[in-house]
Every structure is written in structure tokens, then in C-alpha cells.
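Structure first, then comments.
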Amino acid sequence: MSLPALTLAVVGADYPNKRGPSRRFELAICRIGEPVELRLEPANPADPRAVAVYSCRGVQLGYLTAERCVRIGALIRRGHQVTSIFQTATDFGALIRTSFDGEVPELPKMIGQDADDAPDFWPDPTWDE
């Protein structure tokens, strides 16, 4: 059984990057559907389970939330292929769409809105963890 695609929150956008553009600047130039990369950070002193999120230009956007790092990090460590795309910028950082094991992430259908409208919420199907 394949794992369902998820929309994941990216937080920490207000923290500075060690070099290069700021996270907020990079978020501002990200486009919907651009690939993003998830990287495990086992040496992270704040949380060894941290999963960092990088733009297609190699600039850090932030981190997955601590609640999601546990599950997503475990899947990556077990060898699952994880593919993510930029979904939208938010006040706290961003949302990314993630698929697993060779599936191509697609933005979820917007409920009750025309495709030309810009919604703030894309619901996910229920996923037992």
C-alpha cells in the first residue's frame, strides 16, 4: 500500500541562514510547484530528528514541524523516496506538498473554490500514523 501525499508546514522562516539570502527572501521567490529538498540533520543541537527544507536553489527555507519530523525522518531513514514541491508561502513560513516512493506530488484540489482563486487551505485525506 502506497503512502498518501501530504501537505507539510515549513517553520522557522524568521531565523537567519548562515550564508546566502534570508529565508523570507527565498520564500518570496519560490514558485508553486518548484521542487524542494528535505534533508535530515542528525547533528542539529536543538533536535537530532530535525528535517530541513531547501529550495531548488539550495537555500534553506526552514524546517518541518517537530511533530512531522519524527514520521517523515523515519520514512527517509528507512529508505523511502520522498519528493516535495513548494505549495505556498504562509505567515509562519510555507506549505510543501510531499509524496512517497516514486509518486509525483500534486497540489490537492481546492474545495469550494475556482482554480483561479488563491485559497489558504488545502485539506489532506486522513492518514493514520
Side-chain angles (χ1 to χ4, degrees):
M1 182 171 127
S2 65
L3 299 169
L6 293 174
T7 294
L8 302 171
V10 178
V11 297
D14 292 326
Y15 288 90
N17 284 329
K18 291 181 181 175
R19 58 185 170 278
S22 73
R23 294 175 185 180
R24 287 280 178 198
F25 178 83
E26 190 65 18
L27 285 165
I29 64 172
C30 284
R31 297 292 167 240
I32 294 171
E34 278 185 346
V36 296
E37 181 185 356
L38 304 183
R39 298 183 193 170
L40 298 177
E41 286 193 351
N44 186 314
D47 185 354
R49 298 173 298 182
V51 178
V53 180
Y54 286 79
S55 73
C56 61
R57 288 165 291 283
V59 177
Q60 186 173 4
L61 302 174
Y63 290 92
L64 296 184
T65 60
E67 298 83 17
R68 291 297 191 177
C69 283
V70 175
R71 175 79 169 150
I72 302 304
L75 289 169
I76 294 170
R77 283 188 295 282
R78 282 190 230 138
H80 288 271
Q81 180 185 357
V82 178
T83 306
S84 300
I85 60 173
F86 185 81
Q87 187 168 326
T88 190
T90 65
D91 291 341
F92 55 80
L95 296 174
I96 62 172
R97 190 69 177 174
T98 301
S99 292
F100 305 92
D101 301 325
E103 295 292 320
V104 177
E106 294 181 11
L107 296 176
K109 293 191 180 1
M110 298 172 276
I111 295 176
Q113 296 194 3
D114 294 329
D116 294 334
D117 294 340
D120 291 331
F121 178 72
W122 286 288
D124 281 323
T126 303
W127 186 21
D128 296 330
E129 294 201 32

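As the structure is a computational prediction, the values presented were derived from the model and not from experiment. Values below: every heavy atom of this structure, side chains too, minus hydrogens, waters and symmetry copies.
- Both Phe100 and Val51 are part of a single hydrophobic cluster, where members link through side-chain heavy atoms under 4.5 Å apart.
- Gly93 and Arg24 get closest at one heavy-atom pair: N-NH1, 4.1 Å.
- Residues satisfying the salt bridge (Lys or Arg N to Asp or Glu O under 4.0 Å) criterion with Glu34, sequence neighbours excluded, are Arg57.
- Residues Tyr63 and Leu40 do not share a hydrophobic cluster, clusters being chains of Ile/Leu/Val/Met/Phe/Trp/Tyr side chains in contact below 4.5 Å.
- Residues Ala46 and Asn44 come closest through the heavy atom pair N-OD1, 2.8 Å.
- The shortest non-hydrogen separation linking Asp47 to Ala66 is OD2-CB, 4.5 Å.
- Hydrophobic cluster membership differs between Val70 and Val10, with clusters built from Ile, Leu, Val, Met, Phe, Trp and Tyr side chains linked at under 4.5 angstrom.
- Evaluation of the side chain to side chain donor-acceptor pair (under 3.5 Å) rule for Ser55 yields Glu26 as partners, not counting sequence neighbours.
- Scanning for side-chain contact (heavy atoms from CB on, under 4.5 Å) contacts around Val11 gives Thr65, Phe92, with sequence neighbours left out.
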Quiz item: What's the verdict on side-chain contact (heavy atoms from CB on, under 4.5 Å) for Leu64 and Ile96, showing C-alpha distance, side-chain angles and the deciding distance?
Solution: CA-CA 9 Å; Leu64 296 184; Ile96 62 172; 4.0 Å; yes

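- Closest of all the heavy-atom pairs between Ser99 and Pro105 is OG-CA, 3.0 Å.
- The salt bridge (Lys or Arg N to Asp or Glu O under 4.0 Å) check on Glu37 picks up Arg39, with sequence neighbours excluded.
- Here OG1 of Thr98 is found 7.0 Å from CG of Leu6. Values are rounded to the nearest 0.5 Å.
- To the nearest 0.5 Å, atoms CD (Gln81) and CD1 (Ile76) are separated by 11.0 Å.
- With sequence neighbours excluded, the residues forming a side-chain contact (heavy atoms from CB on, under 4.5 Å) with Asn17 are Arg23, Val59, Gln60, listed by chain and number.
- Looking at Val53 and Leu38, their side chains come closer than 4.5 Å, going by heavy atoms from C-beta outward.
- When every heavy atom of Ser22 is checked against every heavy atom of Phe25, the shortest pair comes out as OG-N, 3.1 Å.
- Between atom OG1 of residue Thr7 and atom CD of residue Gln87 there is a gap of 4.0 Å, rounded to the nearest 0.5 Å.
- The salt bridge (Lys or Arg N to Asp or Glu O under 4.0 Å) check on Arg77 picks up nothing, with sequence neighbours excluded.
- Hydrophobic clustering, with ILVMFWY side chains joined whenever heavy atoms are under 4.5 angstrom apart, keeps Tyr54 apart from Ile85.
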